[in-house]
Amino acid sequence: MKPVLAITRRLPADIEARANADYDVRINEGDKPLDRSAILALAEGADAVLVSVGDPIDAAFFDALPASVKIVATFSVGTDHIDLQAAARKGIVIGNTPGVLTDATADIAWLLMLGAARRASEGEAEIRTASWSGWRPTHLIGTQVTGKKLGIIGMGRIGQAVARRARGFDMEVHYYNRKRLSADLEFGATYHDSIDALLPHCQFLSLHCPSTAETRGMVDSSFLAKLPKGAILINTARGDVVNDGDVIAALKAGILAAAGLDVFAGEPNIAPEYRSLPNTFLLPHLGSATQETRTAMGTRALDNIDACLAGKDVPFPVGA
Ligand code: DGY
């Protein structure tokens, strides 16, 4: 008999095929978000559960999780939707998918940077609504990216990949990270030992830090006031790292010239004002959404489950 695997969202076809070959799969066919009780019902009698970004894998979930479940593998690198301490208390193994989202997410950060700086949403809307009146010298004037200063908070794999791409745009890169990188990984970027020291150098600021107790709500009005006036904010990390009310006020006041956002607090129910502001360039959490990356993520998630159910160490464990 095959072990039972509960899966909370539809997965790429090749990953579902592998799961079906090795497991007795129970999947959320409708692919709508499931609440805690629906995930627990799916997990009844399962050996493993494969969850995704946004699933409520909190302390109450672990309290009610059937004893048959040995591992919760998440189809994500982020684990902010999982209460890791509650998992550890219950002895449930947690695995994630690090290292395979780097280029896809860095590319999206660059799409946001260029889109926000060059007013791409407004331009595209004119084309789609047939309201473009033709070329004119003062039409939709944006901000040049080339040669500007880019600040990065969080110089892990994705932050570094964003910084490497910035070299192609002759940007001066500044960064804050809990630890300074070695010179070969810095690629000439300037390290600042505090966020306060970094912010005045950020004509563009790209966030690449996880959502933690320390970073939640970090981008608030006092943070934004330390940026050069008219800076451009890019977020591909997690929505709750920014205070939406303060970012929206800064976009209205010109403290921020624009924002490019791929992630939002309370996704998919984003702060509605973002939609009506002309100076936002918005994407629905597409950072990792390439065929290559999603297949690699699924491969890692199933590798974690295979190893755990075979009694081995999981290749990508997450500790509390
Ligand atoms: C992750 O894996 O945490 C990403 O946010 C998904 O794009």
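For the numbers below, each heavy atom of this structure counts, side chains included, while hydrogens, waters and symmetry mates do not. Counting starts at 1 for both ligands and their atoms, in listed order.
A salt bridge is absent between Arg26 and Glu44; no separation between the charged side-chain nitrogens and carboxylate oxygens falls under 4.0 Å. Taking a cutoff of 4.0 Å between a charged side-chain nitrogen and a carboxylate oxygen, Arg36 and Asp58 qualify as a salt bridge.
Inclusion of Arg294 in the set of residues having an N or O under 3.5 Å from an N or O of ligand 1 is not warranted. For ligand 1, the polar-atom distance check against Gly78 finds a nitrogen or oxygen pair separated by under 3.5 Å. By the 3.5 Å distance cut-off applied to N or O atoms, Arg238 is counted among the residues near ligand 1.
The protein heavy-atom contact nearest to atom 7 (O) of ligand 1 is Ser288 OG, 2.7 Å. Nearest protein heavy-atom neighbour of atom 2 (O) of ligand 1: Val77 N, 2.7 Å.
Under a 4.0 Å criterion applied to the non-hydrogen atoms of Met297, ligand 1 contributes the atoms 2 (O). In the vicinity of His285, heavy-atom distances shorter than 4.0 Å reach the ligand 1 atoms 4 (C), 5 (O), 6 (C), 7 (O).
From Ile232, atom CD1 reaches atom CG of Leu251 across 10.0 Å, with rounding to the nearest 0.5 Å.
Contact annotation for Leu101 and ligand 1: only side-chain heavy atoms (C-beta onward) come within less than 4.0 Å of the ligand.
For the 3.5 Å distance criterion, the side chains of Thr146 and Asp170 fail to qualify, holding no donor opposite an acceptor. Checked by atom type, the side-chain pair Tyr175/Gln160 shows no donor-acceptor distance below 3.5 Å.
Counting only heavy atoms from C-beta outward, the side chains of Leu261 and Phe281 never approach each other to under 4.5 Å.
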